[in-house]
Amino acid sequence: MADDKRSQSPMDKVWNLFTSLKLAITLIIIMAVASIFGTVIEQNQPIEKYRQFYSDATIRMLDALNLFDMYHSWWFLLLLVLFTVNLSCCTLDRLPRVVKVVRNPKTRLDDGLEKTLPLVDRWKKKGSLQAWAEKYAEVVGGAVGKPLVTQNSETLHLYAERGVVSRFGVYVTHLSIIIIFIGAIIGNVFGFKGYANIVEGQSVRSIPTRGGSRPVDLGFEVRCNRFAVSFYTDQFGNPTQQPKEYASDLSVIENGREVLRKKIVVNDPLQYKGVWFYQSSYGPAGGASARVRVSSANGGPVADLSFHAGQQVEIPGYGTITGVDYQQDYRGFGPALLVVLKKPGGQATEFWLLQGRPDSDRQRQDPYFLSFGGLSQAYYTGLQVARDPGVNVVWLGCALMVLGIIIAFFMSHQRVWVRLTPAADGRVEVVLAGSASRNRLAFERKFEKIQDDLKALAV
Amino acid sequence: MINVRLFDLTTLLFGVASVNYVAALYGKRDTLARIGTWICVAAAVVSTAALGVRWAESYRMGIGRIPVTNLYESLVFFAWAVNLFYLVVEWKYKNRTFGAFVMPIAFLTMLFAFTNESSIQPLVPALQSYWLHAHVITCFIGYAAFAVSAGVAAMYLLKARREESKTPGGVVGLFPSSKALDDLVYKAIIWGFPFLTAGIITGAAWANYAWGTYWSWDPKETWSLIVWLVYAAFLHARITRGWHGKRAAILSIAGFLATVMCYLGVNLVLSGLHSYGGS
Ligand code: HEM
């Protein structure tokens, strides 16, 4: 990189801009501030909703700035692109240097290096250079790592290091951001998000997508066998109004065969061939239907009927019945159904069937009697449906991010040098030096310990 | 319920400890601060017990679940974590002046919790997930670290101004050196940032498992991203010439304000998918 600003070519200037941390900080802060707008202005609402809050002129202005769908606007995307370019350039600029430093460590403590190091100590000892080198190598090996011993004419050099990977933590973190972006792009391009409302007993095969493009053909069918809500009970065991579980019993049907069946609840989806089905909502499907059992006078069951209000059903050889009214509590007897019975050629008769008294209708003294088994409400289950082939790439990026941050923050590249030179007085001159990329205080203590241990040694 | 009484006691202890620390600073009485420390230790014991009792009580009610699932519980958990973080810092740095800046945060949090519904409620289906636990715990440990960092950053700004004008003495004279404070602002964020990152990721994983989208730009998510971005800016500011020191301290305080907005403001001011505000 050219140091002199005036001699920089335009290319250099662009490169310097995109490798600068100042741009990174600026972009990060701009993204943070811009994101605030998207939380203050509700996103992707129908225009009528905005009209309640803003004047027409304001709406026009906000719309021109894409502030109603800002996270997908061209300018927010541009910010993300600039950010990514900045991050990539920074990495391309620095990573090779780090790799070089790591692959070719300075294994010899020369005067120039010594001046740059924060921790240096020197002393003299009698004895042989080789003998001291061996002893020192043992101590340094125990504290930092097995030292590399090299000789330069008369001088012996020891060099030990640990935690070199910590130099790469930052790059793992930065790379993880790009991996997450790639995963998000894969999901957006090759995946889909949709929804399906399936009435109990019915199935779907094509899924309308959010965003309004063509529905997606799944290539298999999903059937809702049953939907159920359950409620919490209070301390006396009586049900409360607080929902405990929303559950759909789903079957996957492929080529006419059921290949998978699962009860899904919120937070426990069904997955088949990369498509996920999430419990999301529910609702009543059509009116409720009444369950009525027809029995012969001696008690044998004849037929189980299920009909909606006003619907007429025929019992062969007997007549037709119609449910006309329902009461939750009929004269203190509990739930009851009002039915009209019409026999061929006869008068229509109207009477109540009590759910709590299945035998009450025997009093008509007919060949058949009817019992009311209660109302059934059919539901539809509302499912979110999604396929996201990029999601595992995103998780990979997330895992790398946490890993990278931990490496960057909590590991430290520690280096220790020892230089042994024959001094003029016949003794051995020892220089000990060290440095750590992080957590210098802890390393200082370690260094002092090495210092003491080395000085305490005797030949 | 016993747990709520214990949390009320914790509130009281935090309040007394805060008063002690502030009084110690103004009166320059170290004894008061030392008492403050023991009160904080007592509060740590009481609040830990309270969390345990609450957990056990929820099991006795047949809706057993970890106590981090509504606004009240998250507030007391946050205050619990702030207190523990503070004790670690005090112990490591052998300086009690931090207390006057950090413990009031824990106290105000508990006061706010006091005004909220404190009974143990069963979980609605959307919250029945193991991801919830991982999500809330990681987020709130991160938030607690940021609270400590912001308190120390405020001290830094006072201290740095005093050092610049070269007028010694006063309350600020008791603070550690601005270099040490700057370092601590950073250290606290070093702990907070990975936890917040993990908190955002577990939240995304949960969202993906619950409704099939790991990121939908709802206000809560977006604010957590804003908080994360502010601290990312802080981390890079620290290693840039001309940006460390004062600007980094301001970013730490801005980060904590964004954290408070993310935690409470989103529910009180904005609307979204997260359920805490409604309760
Ligand atoms: C929000 C996204 C980002 C995150 C989460 C992130 C994360 C980190 C982390 C954790 C560190 C280590 C900090 C420390 O050691 O105190 C770091 C350092 C660094 N980041 Fe980033 N970063 C982001 C964006 C960027 C961008 C856009 C650039 C582009 C210029 C960049 C350039 C750097 C540089 C140059 C370092 C220092 C590396 C070194 O110490 O040798 N970062 N980043």
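Numbered from 1 within each chain, the chains take letters A, B, ... in sequence-line order.
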So what's closer than 4.5 Å to chain B heavy atoms on [X]: side chain, backbone, both or neither?
X	value
Ile36(A)	both
Ser280(A)	neither
Gln242(A)	side chain
Met31(A)	both
Ala408(A)	neither
Arg440(A)	neither

Pick from [options]: which one has the most heavy-atom pairs with chain A under 4.5 Å?
options	result
Ile190(B), Leu251(B), Leu235(B), Ile201(B)	Ile190(B)
Val227(B), Leu229(B), Asp183(B)	Leu229(B)
Pro194(B), Ala237(B), Ala198(B), Ala258(B)	Pro194(B)

Residue part contacting chain A, namely of [X], when any heavy atom lies under 4.5 Å:
X	answer
Tyr130(B)	neither
Tyr186(B)	side chain
Ala204(B)	both
Ala205(B)	both

Reported OH-to-SG distance for the pair Tyr214(B) and Cys398(A), which is rounded to 0.5 angstrom: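 Answer rounded to 0.5 Å: 8.5 Å.
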Can you tell me how far apart NE2 (His236(B)) and CD1 (Ile29(A)) are? Round to the nearest 0.5 Å.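 Result: 11.5 Å between the selected atoms.
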Close approach to chain A in residues 141-151 of chain B, criterion heavy atom under 4.5 Å: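 None at all.
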Taking the six-membered ring for Trp, are Phe410(A) and Trp191(B) parallel (under 30°), tilted (30 to 60°) or perpendicular (over 60°)?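 Ring orientation of Phe410(A) relative to Trp191(B): tilted.
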Any idea how Phe76(A) and Trp217(B) line up, ring-wise: parallel (<30°), tilted (30 to 60°), or perpendicular (>60°)?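 Plane angle over 60°, so perpendicular.
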Would you confirm whether [X], through its side chain, and [Y], through its main-chain N or O, come within 3.5 Å as a donor-acceptor pair?
X	Y	result
Tyr232(A)	Gln121(B)	no
Gln43(A)	Pro219(B)	no
Tyr278(A)	Asn208(B)	yes

Test item: side-chain donor near acceptor, Trp206(B) and Asn267(A), under 3.5 Å: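 There is such a pair between these side chains.
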Minimum heavy-atom separation for [X] and [Y], please, with both atom names.
X	Y	answer
Ala232(B)	Ile28(A)	CB-CD1, 4.3 Å
Ala386(A)	Gly212(B)	CB-O, 3.9 Å
Lys193(A)	Thr213(B)	CE-CG2, 2.7 Å
Pro125(B)	Pro243(A)	CD-O, 3.5 Å

Do [X] and [Y] have side-chain heavy atoms sitting under 4.5 Å apart?
X	Y	value
Thr197(B)	Met401(A)	yes
Thr39(A)	Val266(B)	no
Val394(A)	Trp215(B)	no

